[in-house]
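Everything on this sheet refers to the single structure shown next.
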Amino acid sequence: MQVIYPGSFDPITFGHLDVLERATNLFEKVIITIAVNTRKNAIFTPDERISLIRESISHESWSEKVDIQKFTGLLVDYAHENNVKTLIRGVRQFSDYEYEFRMALMNRKLGRDIDTIFLMPSEHLTFVSGSLVREIAYWGGDVSHFVPANVAEALKNKYR
Ligand code: PNS
């Protein structure tokens, strides 16, 4: 079975990678896909984000089960175009739940046959988020515990 793991991934964190690895243990193929048209102000371009993900998983045995893509428009349309009916989302804590619940139900309303499976990252990563990582990096803090080395380096270069 193929699944889609969508998100902003701006940038990819150890939390995302933990969820991605768990998904590869459960499914034959995981399409990790970057939403291009979100209204958020991104720091990395979609192609930069794809390269960062590719570099950070290249040494992993499970990376052959991962396809890295980007998409514009509605996620349900992208899922239908790829003949995928299952979405993966990571849920870290209760505060994520409301947003994720609304999005999963809306996607099922729009897509009918589209369901979302939630995976929990390891507990030591539950507080890691892309937005906090960006803020720490912006102020010159150490993000090496939260993102792979190539991402930490790319953040340093962005905010230099
Ligand atoms: O990592 P994020 O920012 O929480 O991911 C949110 C994302 C990209 C999965 C969501 O915004 C999305 O699916 N965007 C594509 C447009 C869309 O389908 N929106 C309706 C969602 S109910």
Side-chain angles (χ1 to χ4, degrees), residues 1-27 29-46 48-50 52-53 56-57 60 62 65-80 82 84-139 141-148 151-152 154-155 158:
M1 184 169 141
Q2 274 198 59
V3 295
I4 288 174
Y5 178 27
S8 305
F9 305 113
D10 187 42
I12 190 106
T13 66
F14 283 140
H16 297 131
L17 291 172
D18 181 293
V19 167
L20 183 61
E21 179 176 0
R22 284 171 202 284
T24 63
N25 287 331
L26 294 168
F27 305 104
K29 187 103 212 158
V30 182
I31 304 172
I32 180 166
T33 188
I34 293 165
V36 174
N37 267 353
T38 57
R39 278 163 289 166
K40 297 176 183 174
N41 290 328
I43 49 164
F44 292 106
T45 67
E48 284 174 329
R49 284 178 264 170
I50 286 176
L52 290 173
I53 297 172
S56 41
I57 67 170
E60 304 286 0
W62 45 265
K65 296 177 95 179
V66 179
D67 201 1
I68 311 166
Q69 304 279 344
K70 59 184 173 182
F71 76 102
T72 48
L74 286 179
L75 181 56
V76 289
D77 292 338
Y78 175 80
H80 285 148
N82 287 276
V84 176
K85 293 183 173 171
T86 310
L87 308 175
I88 298 293
R89 290 285 290 172
V91 177
R92 294 161 297 190
Q93 45 212 340
F94 279 129
S95 52
D96 285 341
Y97 184 72
E98 197 192 336
Y99 168 61
E100 294 297 335
F101 184 79
R102 274 189 287 135
M103 202 156 63
L105 288 181
M106 184 57 87
N107 279 329
R108 201 165 63 186
K109 187 79 185 162
L110 293 171
R112 281 226 182 109
D113 52 352
I114 304 285
D115 271 300
T116 304
I117 293 179
F118 296 107
L119 294 177
M120 283 177 285
S122 299
E123 54 277 17
H124 71 282
L125 295 168
T126 50
F127 62 92
V128 178
S129 73
S131 54
L132 284 182
V133 164
R134 286 196 302 272
E135 185 168 328
I136 296 163
Y138 177 81
W139 294 109
D142 177 13
V143 292
S144 60
H145 293 292
F146 317 124
V147 294
V151 175
L155 281 163
K158 276 279 170 196

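Sorted by first and then second residue, the ring-ring contact (aromatic ring centres under 6.0 Å, His included) pairs involving residues 99-122 (not counting sequence neighbours) are Y97-F101.
Distance check, rounded to the nearest 0.5 Å: CG of L75 to CG of L87 gives 5.0 Å. How far CE of M103 is from CE of M106: 11.5 Å, rounded to the nearest 0.5 Å. Of the inter-residue distances, the one linking D113 atom CG with T86 atom OG1 reads 9.0 Å to the nearest 0.5 angstrom. A distance of 7.5 Å separates CG in N82 from CD in Q2, rounded to the nearest 0.5 Å. The CD1 atom of I117 sits 12.5 Å away from atom CD1 of I4, with the distance rounded to the nearest 0.5 Å. Note: I32 CD1 to L17 CG = 7.0 Å, rounded to the nearest 0.5 Å.
With a 6.0 Å radius and a threshold of 12 heavy atoms from other residues, nucleotides or ligands, Q93 has its CD atom above the threshold. More than 12 heavy atoms of other residues, nucleotides or ligands sit less than 6.0 Å from atom NZ of K65. Around the CD atom of E135, the shell of radius 6.0 Å holds no more than 12 heavy atoms that belong to other residues, nucleotides or ligands.
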Could you walk me through whether Y5 and L119 pass the side chain to side chain contact (heavy atoms under 4.5 Å, CB included) check?
CA-CA 11 Å; Y5 178 27; L119 294 177; over 6 Å; no

L132 vs V128, test: side chain to side chain contact (heavy atoms under 4.5 Å, CB included). Steps then yes/no.
CA-CA 7 Å; L132 284 182; V128 178; over 6 Å; no

Can you check side chain to side chain contact (heavy atoms under 4.5 Å, CB included) on V3 and L26, steps first, answer last?
CA-CA 10 Å; V3 295; L26 294 168; over 6 Å; no

Derivation of the side chain to side chain contact (heavy atoms under 4.5 Å, CB included) call for I136 and F146
CA-CA 10 Å; I136 296 163; F146 317 124; 4.1 Å; yes

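Remark: the backbone N or O of I43 is paired with a side-chain donor or acceptor of D10 at under 3.5 angstrom. Proximity of a side-chain donor or acceptor of R92 to a complementary backbone N or O of L125 within less than 3.5 Å is not detected. A donor-acceptor pair under 3.5 Å is absent between the side-chain atoms of R134 and the main chain of P11, judged by distance alone.
The shortest heavy-atom contact between F9 and T33 is CE1-O, 3.6 Å. Taking each heavy atom of D18 and S122 in turn, the nearest pair found is OD2-OG, 2.7 Å. Of all the heavy atoms in A35 and F71, the pair that sits closest is CA-CE2, 3.5 Å. Shortest non-hydrogen contact noted between V147 and L155 is CG2-CD1, 4.5 Å. When all heavy atoms of K29 and D67 are compared, the closest pair comes out as CE-CB, 4.0 Å. Nearest heavy-atom pair across P46 and K70 is CB-CD, 3.9 Å.
H80 places a side-chain heavy atom less than 4.5 Å from the side chain of I114. A heavy-atom distance below 4.5 Å is not found between the side chains of F44 and I34. Put simply, the side chain of W62 reaches to within 4.5 Å of the side chain of I57, judged on heavy atoms.
By the ring-ring contact (aromatic ring centres under 6.0 Å, His included) test, F14 is found to be paired with no residue, residues two or more places apart in sequence or in another chain being considered.
With respect to D115 and R108, a salt bridge is recorded, a charged nitrogen being found less than 4.0 Å from a carboxylate O.
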